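Taking it in order: structure first as structure tokens, then the write-up.
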Amino acid sequence: MAIKNSYNFRAVSDQLTTSGVVGGNRLKGLAKEGYSLVINLLPDEDDNAVPDEKSVVEGQGVEYVYIPVDFFNPTQAEYERFSAALDNAEGQKV
């Protein structure tokens with residue numbers, strides 16, 4: 001399954017996409033779809049979290065950044081980590 005079939009998938013640009021819950025099967029083809037970085041904001045404790053997501057992503061040679069965000073109480077520090085990850089990924093498909 002392609003990542004574009006994920007819940008609430010949106011292409012911000014040719015290099016940046018975002019989505020809601022992805023699911024493990026959609027993560028398995030990220031490298032083939034040209035992605036080089038995944039930024040996961042969903043806490044591991046969430047019912048929709050993908051078990052071993054980091055291993056699934058990194059096993060394809062795709063970089064993985066984990067920034068667990070409490071969406072009811074997001075912090076400035078979380079935003080700054082997210083912004084830095086995006087800045088560091090300039091020119092990559094994220």
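All values reported here derive from a predicted model rather than from experimental measurement.
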Mind listing the closest non-hydrogen atom pair of [X] and [Y] along with its distance?
X: Val94; Y: Ala89; value: CG2-CB, 3.7 Å
X: Lys93; Y: Glu33; value: NZ-O, 3.0 Å
X: Val56; Y: Lys28; value: CG1-CG, 4.1 Å
X: Ser6; Y: Val21; value: CB-O, 3.9 Å
X: Ala85; Y: Ile39; value: CB-CD1, 3.7 Å
X: Pro68; Y: Pro43; value: CB-CA, 4.0 Å

Side-chain donor or acceptor of [X] paired with backbone N/O of [Y] under 3.5 Å:
X: Tyr66; Y: Asp44; answer: yes
X: Glu53; Y: Leu27; answer: no
X: Gln92; Y: Leu37; answer: no
X: Glu78; Y: Val69; answer: no
X: Lys4; Y: Ala11; answer: no

Atom pair [atom1]/[atom2] of [X] and [Y] - distance to nearest 0.5 Å:
X: Asn40; Y: Tyr64; atom1: CG; atom2: OH; result: 3.5 Å
X: Glu80; Y: Asp87; atom1: CD; atom2: CG; result: 11.5 Å
X: Leu42; Y: Ile67; atom1: CG; atom2: CD1; result: 12.5 Å

Between [X] and [Y], is there shared hydrophobic-cluster membership here, with clusters defined by ILVMFWY side-chain heavy atoms closer than 4.5 Å?
X: Ile3; Y: Val12; result: no
X: Val62; Y: Val65; result: no
X: Tyr79; Y: Phe71; result: no

Crowding at CG, Asp14 (>12 non-hydrogen neighbours, <6.0 Å):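 Check fails, neighbour count at 12 or below.
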
Report yes if the side chains of Tyr35 and Val57 come closer than 4.5 Å at any heavy-atom pair, otherwise no.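 Tyr35 does not reach Val57 side chain to side chain.
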
Under 4.5 Å between any side-chain heavy atoms of Leu16 and Leu86, yes or no?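 They are in side-chain contact.
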
